Amino acid sequence: EDQVTQSPEALRLQEGESSSLNCSYTVSGLRGLFWYRQDPGKGPEFLFTLYSAGEEKEKERLKATLTKKESFLHITAPKPEDSATYLCAVQVKGAQKLVFGQGTRLTINP
Amino acid sequence: GAVVSQHPSRVICKSGTSVKIECRSLDFQATTMFWYRQFPKQSLMLMATSNEGSKATYEQGVEKDKFLINHASLTLSTLTVTSAHPEDSSFYICSARDGQRAGNEQFFGPGTRLTVL
């Protein structure tokens, strides 16, 4: 069965304190791995797509990396506005749908 | 680019009534649209996948006669919750895939909060 597990469930950091969020996956064949950001009461906002092991993508203070078993979302010198739930999802080869992890609730204290 | 809208953003209805939610891709053609529901502090649960001009494919456990999905054009999909009951109260979110993009990203709408009294 295709599975996506995110850790930690919740993470509280001080402003400027860098950290990483983990997304482990078990799939029959990976077509793509996606990172989204979701603010309370809103739909997810697309951040990154990663397709193959070794690939990296960056956007402002965020950097996503991918291995054959997991992906990391690195947050460098975060600001309070980076507080949100970060969702990881995988698309399996031959399928249209995404399989989502449970998300990591990130809180950045000023 | 890749903007998806939903209407309404909030709806309150009485038990037994039907509610229609619209999902539109504003600046691209959505060959595939998806409908999710999300409970508080939980992740997204896929309800159904719809391809333009075809019948929707429902996930296991989702009642197709209760949650009617229509994807009549490349920019519009609708979800109708028929004979709504309090247990149908939830946050409903649609997403769309751009058929002309090389990537497989889904772009999400802002969501619709349904409350059934």
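In what follows, chains are A, B, ... by sequence order, proteins preceding strands, each numbered from 1. Predicted model, so just to flag it, every value in this text is computed and none were measured.
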(request) Could you tell me whether the side chain of Ser43(B) and the main chain of Gly101(A) form a donor-acceptor pair under 3.5 Å? (result) yes
(request) Side-chain contact test, heavy atoms from C-beta onward, threshold under 4.5 Å: evaluate it for Lys42(A) versus Pro110(B) and give yes or no. (result) no
(request) Can you tell which part of Glu45(A) gets under 4.5 Å to a heavy atom of chain B, answering side chain, backbone, both or neither? (result) neither
(message) Please classify the contact of Gln102(A) with chain B as side chain, backbone, both or neither, using a heavy-atom distance under 4.5 Å.
(response) both
(request) Output, in order, the C-alpha distance, side-chain angles, deciding distance and verdict of side-chain contact (heavy atoms from CB on, under 4.5 Å) for Tyr36(A) and Gln106(B). (result) CA-CA 10 Å; Tyr36(A) 288 88; Gln106(B) 290 182 23; 3.6 Å; yes
(message) Is there a continuous path of hydrophobic side-chain contacts, each under 4.5 Å between heavy atoms, that joins Leu74(B) to Val4(B)?
(response) no
(request) Locate the shortest heavy-atom distance separating Glu105(B) from Tyr51(A); write the atom from each residue and the value. (result) OE2-OH, 3.9 Å
(request) Apply the test side-chain contact (heavy atoms from CB on, under 4.5 Å) to residues Thr57(B) and Lys97(A): give CA-CA distance (whole Å), side-chain angles for both, the deciding distance (0.1 Å), then the verdict. (result) CA-CA 11 Å; Thr57(B) 302; Lys97(A) 67 181 182 182; over 6 Å; no
(message) With clusters defined by side-chain heavy atoms of hydrophobic residues (ILVMFWY) lying less than 4.5 Å apart, directly or transitively, does Leu87(A) cluster with Ile75(A)?
(response) no
(request) Find out if a path of hydrophobic residues (ILVMFWY) with successive side-chain heavy-atom gaps under 4.5 Å connects Phe108(B) to Phe91(B). (result) yes
(request) Group every Ile, Leu, Val, Met, Phe, Trp and Tyr by side-chain heavy-atom contacts under 4.5 Å, then state whether Tyr86(A) and Met45(B) land in the same group. (result) no
(request) Please say whether more than 12 non-hydrogen atoms of neighbouring residues, nucleotides or ligands are located less than 6.0 Å from CZ in Arg12(A). (result) no
(request) Give the member of Asn104(B), Leu46(B), Ile93(B) that has the highest number of heavy-atom pairs under 4.5 Å with chain A. (result) Asn104(B)
(message) Looking at Glu87(B), I want to see if its CD is surrounded by more than 12 non-hydrogen atoms of other residues, nucleotides or ligands under 6.0 Å.
(response) yes
(request) Determine whether Tyr36(B) and Leu98(A) make a side-chain contact, defined as any pair of heavy atoms from C-beta on separated by less than 4.5 Å. (result) yes
(message) I'd like to know if Phe100(A) and Leu21(A) are part of one continuous hydrophobic network [Ile/Leu/Val/Met/Phe/Trp/Tyr, side-chain heavy atoms within less than 4.5 Å].
(response) no
(request) Please indicate whether Lys66(B) has more than 12 foreign heavy atoms, meaning atoms of other residues, nucleotides or ligands, lying under 6.0 Å from its NZ. (result) yes
(message) Between Gln38(B) and chain A, with a heavy-atom cut-off of 4.5 Å, which part of the residue counts as in contact: side chain, backbone, both or neither?
(response) side chain
(request) Specify the closest pair of heavy atoms between Phe34(B) and Gln96(A), including all atoms of both residues, with the distance to one decimal. (result) CZ-O, 3.6 Å
